[in-house]
Amino acid sequence: MKNTNLVYGVKDKPGFWKTIVLALQQVLAILAATIVVPVIVGNGMSQSAALFGAGMGTIVYLLFTKFKSPVFLGSSFAFIGSMGAAFTGAVSVSVGYLGIIIGAIMAGLVYVVIAAIVKAVGTKWITKLMPASVIGPTVAVIGLSLAGNAVGDLTKGSYNAVQMVETIKNSQVVLEPTLVPTASPFIALLCGLVTLAVIIICSVYGKKMLKIIPFIIGILAGYALAAIFTVIGTLAEVPELMLINFGLFENMQWLPDFTFIKAFEGFKNLGDFGSYLGTIAVAYIPVAFVVFAEHIADHKNISSIIGDDLLEDPGLHRTLLGDGIGSMVGAFFGGCPNTTYGESVGCVAISGNASVITILTAAIICVISAFFAPFVTLLATIPACVMGGVCFALYGFIAVSGLKMIQGVDLGDNRNLFTVSSVLIAGVGGLVLNIGKVTLTAVACALILGILVNLLGNIKSKKAKAEEEKEIA
């Protein structure tokens, strides 16, 4: 496998300042998704701690993969429901924090077990079970399934006003204070499209450094335009123009609220902990198998970009161990189990920078910045519309890279045609299954369906091959 489109290969070492800038670009690419998970879960979870956990988890991953896989690990969306279950079933919030750490350990151990199996039997079975006709459209689905997030963010800012909104509570309509976006969706859309346009211009027409840091330039352009609108809106008292919430600097969190500190407090009041552990196991362990499927797809994708098969070297067992142990570490500090990020993969491909030193530096920046409140707060003020413009490019690339994997697949063969079409329809259509407390995401459902259709379509060919072998014998 070879790739001549990379500016920096996995083992290349850009200069010091180039490495810092490229690492910051990686941080910006994974930032929004990483810090939004603790916000969604709530219960006082810390965004800066999640950032710290993502950085530490990535360092662990790089160590296990012998610095051969240029991928960043961030907060996993797949475990949001599991984390919510940990708090719901706990007798106190502190026990809930203990539960999310234990749950992450359980999920990580699933990866360890699978890694041991892979180490013993090899990876050929994966290639047979998930050929390009299955993996290609699955990777495309990963990008397409995120498209709604990018489009939704394009019309939002980071500034919200508190308004009294009618809600139904106990079968009665009541007024409750609610955060409501104030920015005009058209102004937000303009900032998002400017961000996207600058990214495209830098990537297509840029020379030297501009070509490999299109996301930083794009975010700066979008942020500057949003800041101008915000200042004008503030001076003219026009809320529709206020895109950036500079008020976040007034209540900065200087020290991360690490999960393990609150979790240790949970030992004081465990309640019926045996039953609670059962709830945690059911909430976390099945999801680990779902994320395993996405792990395969992500590493197939990054392998096609860097020109080296990571499932062979350093080996799937190492990537699984790095992901699993890294996820445990991330949850220990930040509460959020980690996973490999498609945004990181997209950033590598579009910028042409696969230097693993860049990923390591990005992880270190996340660890250090977690203690520097102004930096974390500044990143948090980036309007959703600006990040929406960034994600348009990132998610779009993930989808296209998956489709590129299908180029060598013979779609004139109905076996391949049905496999590819089944994955795409299930994924784009949003086929989601809720089995008890476990949610099979659209990506997982699409992959499982693709595997089944592929096996169904190849039953006859396997029988024919067996008969031919008998005749030869």
Side-chain angles (χ1 to χ4, degrees), residues 1 3 10 26 29-30 33-34 54 57-58 60-62 64-65 68-79 107-108 110-111 114-115 118 123 126-127 129-132 134-146 287-327 330 337-350 354 356 359 362 391 394-406 423 427 441-444 446-448 450-451:
M1 298 174 69
N3 191 306
V10 176
Q26 270 284 343
I30 60 89
T34 297
T58 300
V60 169
Y61 172 81
L62 293 175
F64 272 98
T65 55
K68 293 184 177 181
S69 179
V71 182
F72 197 96
L73 269 61
S75 306
S76 174
F77 277 74
F79 286 99
V110 170
Y111 271 45
I114 297 177
V118 169
T123 59
I126 293 177
T127 303
L129 199 63
M130 291 179 274
V134 174
I135 287 295
T138 300
V139 171
V141 164
I142 291 176
L144 294 173
S145 65
L146 294 168
V287 177
F289 289 98
V290 174
V291 180
F292 164 68
E294 297 180 4
H295 175 98
I296 298 292
D298 281 338
H299 284 81
K300 282 283 188 178
N301 192 10
I302 190 65
S303 294
S304 68
I305 294 168
I306 66 176
D308 292 309
D309 190 352
L310 296 174
L311 302 190
E312 295 296 330
D313 183 24
L316 178 59
H317 64 290
R318 284 188 170 274
T319 65
L320 283 170
L321 284 173
D323 203 344
I325 305 300
S327 184
N338 291 336
T339 189
T340 49
Y341 259 24
E343 291 91 336
S344 175
V345 175
C347 185
V348 168
I350 295 176
V356 76
I359 303 296
C391 290
L394 291 176
Y395 299 160
F397 174 80
I398 296 171
V400 172
S401 63
L403 296 177
K404 286 172 64 177
M405 293 182 187
I406 313 173
V423 174
T441 64
V443 175
L447 178 59
I448 294 171
I451 292 173

Say you draw a straight line from CD1 of I325 to CG of L320; how long is it, rounded to the nearest 0.5 Å?
11.0 Å
Closest heavy-atom pair and its distance - G427, A442:
O-CB, 3.9 Å
As an exercise, state the distance from OG of S303 to CE of M405, rounded to the nearest 0.5 Å.
8.0 Å
Point-to-point distance, once rounded to the nearest 0.5 Å, from CD1 of I305 to NZ of K300:
14.0 Å
Closest non-hydrogen atom pair between L403 and A140, with its separation:
CD2-CB, 4.0 Å
Would you indicate whether the side-chain heavy atoms of L310 and R318 approach each other to under 4.5 Å?
no
Quick check for you: to the nearest 0.5 Å, what is the distance between L316 atom CG and L321 atom CG?
9.5 Å
What's the separation between atom CG in D309 and atom CD1 in I302, rounded to the nearest 0.5 Å?
12.5 Å
Nearest heavy-atom pair of P137 and A132: which atoms, and what distance?
CD-O, 3.6 Å
Which pair of heavy atoms, one from V423 and one from G450, lies closest together, and at what distance?
CG2-CA, 3.5 Å
Separation of I135 CD1 from I451 CD1 (nearest 0.5 Å)
7.5 Å
Parallel, tilted or perpendicular for Y61 and H299, by the 30°/60° rule?
tilted
Taking atom NZ of K68 as the centre, does the number of heavy atoms from other residues, nucleotides or ligands within less than 6.0 Å exceed 12?
yes
Heavy-atom closest contact (I398 atom, G143 atom, distance)
CG2-N, 3.6 Å
Side chain to side chain contact (heavy atoms under 4.5 Å, CB included) between Y111 and V291: does it pass, once the steps are laid out?
CA-CA 10 Å; Y111 271 45; V291 180; 3.0 Å; yes
Can you confirm whether I114 sits close enough to F292 that some side-chain heavy atom of one is under 4.5 Å from a side-chain heavy atom of the other?
yes
Only one of T34, I359, T58 passes side chain to side chain contact (heavy atoms under 4.5 Å, CB included) with L73; say which it is.
T58
Between S69 and L62, which heavy-atom pair has the shortest distance, and what is it?
O-CD2, 3.5 Å
